[in-house]
Amino acid sequence: MMVAMDVEESPPAYKKILSVGLLLLATFVVAKFAYALIIPRSKKRLPPTVKSWPVLGGLVRFLKGPIVMLREEYPKMGSVFTLKLLNKNMTFLIGPEVSAHFFKAPESELSQQEVYQFNVPTFGPGVVFDVDYTVRQEQFRFFTEALRVNNLKSYVDQMVMEAEEYFSKWGDSGEVDLKYELEHLIILTASRCLLGEEVRNQLFEDVSALFHDLDNGMLPISVIFPYLPIPAHRRRDQARKKLAEIFANIINSRRETGKTQNDLLQCFIDSKYKNGRSTTESEVTGLLIAALFAGQHTSSITSTWSGAYLLCNPKYMSAVLDEQQKLIDRHGNKVDYDILSEMEVLYRCIKEALRLHPPLIMLLRSSHNDFSVKTREGIEYDIPKGHIVATSPAFANRLPHIYKDPDTYDPDRYGPGREEDKAAGAFSYISFGGGRHGCLGEPFAYLQIKAIWSHLLRNFELELVSPFPEIDWNAMVVGVKGKVMVRYRRRELALK
Ligand code: HEM
């Protein structure tokens, strides 16, 4: 009976095993669900962290050179990894597969304001990173409007004039430091097109000296402590004040006389916010300083690299000369916006120099939301809110799965049939950033560099007499180390 009852009332062994199994499964599912609810998503798939000594280790590695660190860590860690910087985490997103969100995310998710705060004492109050995103967006609209094709056309005429005047002072032959020459010419051109003829014609020396002090006041230490009471910062602040006075006078005199000009200064004076408010004198000054900081060193560095590569690559030198000859045959000696736009070969040569040497080597954002990225190997990572997020044009522009022989100067890689900058999708070529905050001055920069180089190619035979330049990794805007000595001899490409 006992046995019979056992048989009737207890489940058979296989049923017991099944129920225990089901119970375990249910417990596992509930546990997983609870884990997902309680533990934030970001804790589950955090990017790998770079090994370094506690507290200062990450900072030391970063300060020794972010590109050296990336070269060491990328092969071990892959395209997404975190470096601990004191109390902050900096997560790198390297390559187009993982950096799309970096470029496309709205300001509410990935913002520039915190990470680019160090510009505030230089640009001054009330502009760019000192104002809310809505105001900043309007100020960037002023840039966009000021750099429209019609305005660019008149800037080009001024660029060409400046180049002609500058190089007319060279002798029939001689030796020059090309880096110094191009830096100087670009300051003059920027003064005319951006700051206006009052500065270019009467106040050039004073204003250049003040910009020099602003420049020298932006040091690596300024990124972390922008208001540290050091002499360089004091000089920066005094220079900013004096510039404000100079531009207030120019603006007032333009307003009083009703005299208008074709320059960025005039565009900023005439700009209006959506609510109808005009820009103040202080805002105009700040926006001009921002334009000069964005466009001056970047363009002069790119002009120098472009020259250095052309002078060392006879194949491309003869291709750009050929192109100039054809344009002279078609249009005579004239150079204007439309003719510069026809210089495709020269464009690709400049673009390739800029791929190998982007002056802005690191771009940063601050993350306000958790977000996920998927690597090209299919691994997903969650990047938590609060991380500084970084990408690097200098490193990403040389990824071998995007660019064939990435360290070789090969302007044809952008030509028809190859287009390596597009083949792997958007954000493969990021010297000008891209997406939401892509460079607004890109067309201006190309026009300026093309105007200079077409003049040099048409009027001089050039030879690099110093070794091929090295990279000055210590500069805030990374450029060419030392002098770039060039021997020149006057010649003229003529109508055939
Ligand atoms: C070869 C020359 C240049 C290079 C390599 C360059 C590079 C860049 C890069 C990488 C960014 C994106 C920054 C980021 O995403 O954090 C940027 C933004 C910007 N650039 Fe340039 N730039 C150049 C010339 C210029 C010039 C000539 C101007 C103006 C006259 C200019 C104005 C700007 C502005 C206003 C932005 C901010 C856009 C925004 O945040 O919406 N740039 N540039």
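Just follow the structure's listing: the first ligand is 1, and inside any ligand the first atom is 1.
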Q: Quick one: look up the protein heavy atom nearest atom 16 (O) of ligand 1 and list residue, atom name and how far away it is.
A: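 The protein heavy atom lying closest is Y116 OH, 2.7 Å.
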Q: How are the rings of F432 and Y446 set to each other: parallel, tilted or perpendicular (split at 30° and 60°)?
A: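 Because their plane-to-plane angle lies in the 30° to 60° range, the rings of F432 and Y446 count as tilted.
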Q: Any idea which atoms of ligand 1 are less than 4.0 Å away from a heavy-atom of F444?
A: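 Near F444, meaning under 4.0 Å from one of its heavy atoms, ligand 1 has 27 (C).
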Q: Just go through R436, Q137, R365 and tell me whose heavy atom is the nearest to atom 14 (C) of ligand 1.
A: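 Considering heavy atoms of R436, Q137, R365, the nearest to atom 14 (C) of ligand 1 sits in R365.
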Q: Is the ring pair H437/Y133 parallel, tilted or perpendicular, if the boundaries are 30 and 60 degrees?
A: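 H437 vs Y133 ring planes: perpendicular.
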Q: Just checking, is any N or O donor in the side chain of N369 or K385 under 3.5 Å from an acceptor N or O on the other one?
A: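 No, K385 and N369 have no side-chain donor paired with an acceptor closer than 3.5 Å.
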Q: Are any side-chain N or O atoms of N313 and backbone N or O atoms of K315, one a donor and one an acceptor, separated by less than 3.5 Å?
A: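 Judged by distance alone, no pair lies under 3.5 Å.
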Q: Between F103 and ligand 1, which part of the residue brings a heavy atom under 4.0 Å of the ligand: side chain, backbone, both or neither?
A: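 The answer is neither.
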Q: Counting C-beta onward and ignoring hydrogens, is there a side-chain heavy-atom pair between S303 and I186 closer than 4.5 Å?
A: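 Sidechains of I186 and S303: in contact.
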Q: If you leave out waters, which protein N, O or S atoms are less than 2.8 Å from atom 21 (Fe) of ligand 1?
A: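 Short answer, with waters excluded from the count: C439 SG.
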Q: Can you tell me which residue and heavy atom of the protein come closest to atom 13 (C) of ligand 1, and the distance to 0.1 Å?
A: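 Atom 13 (C) of ligand 1 sits closest to the protein heavy atom L363 CD2, 3.9 Å.
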Q: Just to be sure I'm reading this right: ignoring hydrogens, which of P393, A290, S431, G438 gets closest to atom 10 (C) of ligand 1? Compare them by their nearest heavy atoms.
A: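 It is S431 that holds the nearest heavy atom.
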Q: Which residue owns the protein heavy atom closest to atom 12 (C) of ligand 1, what's the atom, and how far is it?
A: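 Among all protein heavy atoms, the one nearest atom 12 (C) of ligand 1 is H437 O, 3.6 Å.
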Q: Would you call the rings of H184 and Y180 parallel, tilted or perpendicular, taking 30° and 60° as the class edges?
A: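 Ring orientation of H184 relative to Y180: parallel.
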Q: Please walk me through it: do F143 and F268 pass ring-ring contact (aromatic ring centres under 6.0 Å, His included)?
A: CA-CA 8 Å; F143 270 95; F268 288 157; 5.2 Å; yes
Q: Will you find, in the side chains of E114 and S111, an N or O donor that is under 3.5 Å from an N or O acceptor?
A: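 Note: E114 and S111 side chains meet the donor-acceptor criterion.
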Q: Provide, to 0.1 Å, the distance between atom 1 (C) of ligand 1 and the closest protein heavy atom, together with that atom's residue and name.
A: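 Heavy-atom neighbour on the protein nearest atom 1 (C) of ligand 1: T302 OG1, 3.5 Å.
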Q: What pairs with Y488 under ring pair (Phe, Tyr, Trp, His ring centres under 6.0 Å), at least two apart in sequence or on another chain?
A: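 Counting only residues at least two positions away or on another chain, Y488 forms a ring pair (Phe, Tyr, Trp, His ring centres under 6.0 Å) with W170, F460.
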Q: Distance to the ring centre below 6.0 angstrom and angle to the axis at most 45 degrees; does that hold for K351 and Y429?
A: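 So K351 does make the cation-pi contact.
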Q: Examine the proximity of ligand 1 to Q448 and report which part, side chain or backbone, both or neither, has a heavy atom under 4.0 Å away.
A: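 Under 4.0 Å from ligand 1, Q448 contributes no heavy atoms.
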